[in-house]
Amino acid sequence: MQLEAKMKNLRYYLDTNAVQSLGTRLEAMPNECAYTSVWTQLELVSAIKDNDSFRRKSGALRHLNKSGVYVDPVIPGAKQLQAFGCNVPEGCKLSSLSELIIPMIFASGSHEEFLMQIERLGLGKVIELIKETDHVTQDFDEQIKSRLDLRIDDFEEKWTKGDKNELLQDAIGYYATLLEAKLHNPRNVLISAYDHSMDYYMLIHYYYIEQKRYSRNQPAKNDFNDLMHLQYLTNGCKLVTDDTGFQKYVNTVVNGLAIGTEQFMEEIGV
């Protein structure tokens with residue numbers, strides 16, 4: 001089956017939390033109904049700190065690998081560029097993760113052995129690149145904090161009574177403006193090229209920014225990582241997560257979009 005045709009049949013996106021919660025059940029479900037991303041793999045690998053985390057995260061990666069679930073290989077930032085019709089830079093697919101690092105995890109019996117293999121094969125720079133997500137998260141936190149003084153007073157009315165289609169258009173315009181400043185591509189050209197593949201992300205991330213400005217709350221620890229999963233959530237798909245906070249947040253914006261793993265298993269008949 002061609003990848004394009006296969007993707008049309010995928011109805012559920014599994015975030016990192018869901019992959020860990022499902023465990024061995026991943027291998028028992030039909031793999032053509034769900035997908036995940038390299039961001040999930042990245043989160044699992046970057047969370048390996050010691051023998052205990054090595055055992056838990058390698059187990060989740062192993063079940064995911066055996067399940068045959070499709071893993072979108074494009075990193076989040078490149079997903080956004082693609083959605084606006086922009087050329088993506090070389091290396092937008094983190095193939096070294098699935099081709100080198102994860103097989104090495106499977107071949108290692110402990111965290112120490114894994115580190116020894118990394119050193120022996122000179123792959124330290126790849127691991128450093130994976131760990132860079134920590135710095136990106138810090139940058140995201142600082143960007144949000146810098147906007148907290150930009151108070152908005154019509155937040156509640158806007159998001160409870162406003163037209164979601166109009167809010168989506170506002171969100172698309174907001175991100176097109178950011179890309180215009182970054183890439184120097186005309187804003188109207190970017191908006192015209194937008195393919196609506198990231199509508200959920202656009203709307204929910206826009207809500208997140210405005211909610212933070214309204215409440216003046218600081219970003220929580222995993223906000224950035226959670227929001228990045230939404231870049232993979234295509235129209236018509238549901239987000240599967242057992243993170244109840246993330247689930248509630250998503251459903252506040254698009255009711256019923258996020259479900260837990262138990263409901264997911266019921267819906268696919270397993």
Side-chain angles (χ1 to χ4, degrees), residues 10-23 25-26 33-47 53 56-57 60-61 63-64 69 71-72 75-77 79-80 133-134 136-141 143-145 147-148 155-156 159-160 164 167-168 171 175 197-268:
L10 300 176
R11 295 176 289 126
Y12 301 92
Y13 174 81
L14 311 176
D15 78 347
T16 309
N17 181 280
V19 167
Q20 293 180 102
S21 294
L22 287 166
R25 292 184 293 174
L26 278 170
C33 69
Y35 67 110
T36 189
S37 66
V38 69
W39 189 250
T40 292
Q41 292 180 320
L42 191 73
E43 279 199 287
L44 290 169
V45 172
S46 63
S53 57
R56 290 184 286 106
K57 305 307 178 183
L61 287 165
H63 297 315
L64 177 60
V69 166
V71 178
D72 189 324
I75 59 177
K79 295 291 290 184
Q80 190 169 342
T133 55
D134 292 338
V136 175
T137 301
Q138 292 172 10
D139 292 341
F140 169 82
D141 290 348
Q143 289 173 12
I144 298 298
K145 290 174 184 177
R147 299 172 190 168
L148 294 184
F155 172 79
E156 291 186 347
W159 286 95
T160 56
K164 288 292 174 65
L167 289 168
L168 175 60
Y175 287 102
S197 63
M198 292 177 58
D199 284 358
Y200 292 138
Y201 170 78
M202 293 287 169
L203 191 61
I204 296 167
H205 196 190
Y206 188 53
Y207 171 83
Y208 173 88
I209 291 170
E210 295 216 324
Q211 189 268 335
K212 290 297 180 187
R213 284 173 54 191
Y214 175 73
S215 64
R216 297 189 178 179
N217 287 332
Q218 302 291 335
K221 181 180 178 181
N222 292 320
D223 284 358
F224 175 79
N225 288 354
D226 289 342
L227 289 166
M228 289 303 98
H229 283 288
L230 298 176
Q231 292 201 12
Y232 299 93
L233 191 60
T234 57
N235 293 340
C237 289
K238 290 183 180 180
L239 169 69
V240 182
T241 180
D242 279 341
D243 182 332
T244 55
F246 186 32
Q247 199 179 111
K248 182 179 180 181
Y249 198 89
V250 168
N251 288 335
T252 298
V253 186
V254 183
N255 189 38
L257 180 60
I259 62 174
T261 55
E262 296 306 319
Q263 183 177 339
F264 163 66
M265 296 300 279
E266 289 178 9
E267 290 190 10
I268 67 173

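The chain is numbered in sequence order, starting from 1. The shown structure was predicted, so the numbers you read here are calculated from the model rather than taken from an experiment.
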>> Give me each pair satisfying salt bridge (Lys or Arg N to Asp or Glu O under 4.0 Å) with a member in residues 34-46, each pair once, sequence neighbours excluded.
In response: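 Output for this query is empty, none listed.
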> Tell me the salt bridge (Lys or Arg N to Asp or Glu O under 4.0 Å) pairs involving residues 242-257, sequence neighbours left out?
Replying inline: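 Sorted result for residues 242-257: empty, none.
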What's the shortest heavy-atom distance between [X] and [Y], and which atoms?
X: T241; Y: Q247; value: O-NE2, 2.8 Å
X: Y175; Y: I209; value: OH-CD1, 3.9 Å
X: L26; Y: V19; value: CD1-O, 3.8 Å

Looking at [Y], is its backbone amide N or carbonyl O close enough to the side chain of [X] to form a donor-acceptor pair, meaning the two atoms are under 3.5 Å apart?
X: Y35; Y: Y232; value: yes
X: N251; Y: L257; value: yes
X: T36; Y: L14; value: yes

For [X], enumerate each residue passing the side-chain contact (heavy atoms from CB on, under 4.5 Å) test, keeping only those at least two apart in sequence or located in another chain.
X: V253; value: W159, L203, I204, Y207
X: E267; value: Y12, K238, I259, Q263
X: R56; value: D52, S53

Quick one: pull up [atom1] in [X] and [atom2] in [Y] and give me the separation to the nearest 0.5 Å.
X: K212; Y: D223; atom1: NZ; atom2: CG; result: 5.0 Å
X: M228; Y: Q80; atom1: CE; atom2: CD; result: 7.5 Å
X: L239; Y: L233; atom1: CG; atom2: CG; result: 6.0 Å
X: L22; Y: T261; atom1: CG; atom2: OG1; result: 5.0 Å
X: D199; Y: L230; atom1: CG; atom2: CG; result: 12.0 Å

>> For F246 and N222: C-alpha separation, side-chain torsions, deciding distance, then whether side chain to side chain contact (heavy atoms under 4.5 Å, CB included) applies.
In response: CA-CA 10 Å; F246 186 32; N222 292 320; over 6 Å; no
Partners meeting side-chain hydrogen bond (donor to acceptor under 3.5 Å, both in side chains) with [X] (sequence neighbours left out):
X: Y13; value: S37, H229
X: D226; value: none
X: Y200; value: none

> Can you name the salt bridge (charged side-chain N to carboxylate O under 4.0 Å, His left out) partners of K79, sequence neighbours left out?
Replying inline: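 Once residues adjacent in sequence are excluded, the partners of K79 under the salt bridge (charged side-chain N to carboxylate O under 4.0 Å, His left out) criterion are D72.
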>> Please determine whether side chain to side chain contact (heavy atoms under 4.5 Å, CB included) holds for the pair Q231 and W39, giving the CA-CA distance in whole Å, both sets of side-chain angles, and the decisive distance to 0.1 Å.
In response: CA-CA 10 Å; Q231 292 201 12; W39 189 250; over 6 Å; no
>> Checking Q20 against H63 for the side chain to side chain contact (heavy atoms under 4.5 Å, CB included) test, could you report, in this order, the C-alpha distance in whole Å, the side-chain angles of both residues, the deciding distance, and whether it holds?
In response: CA-CA 9 Å; Q20 293 180 102; H63 297 315; over 6 Å; no
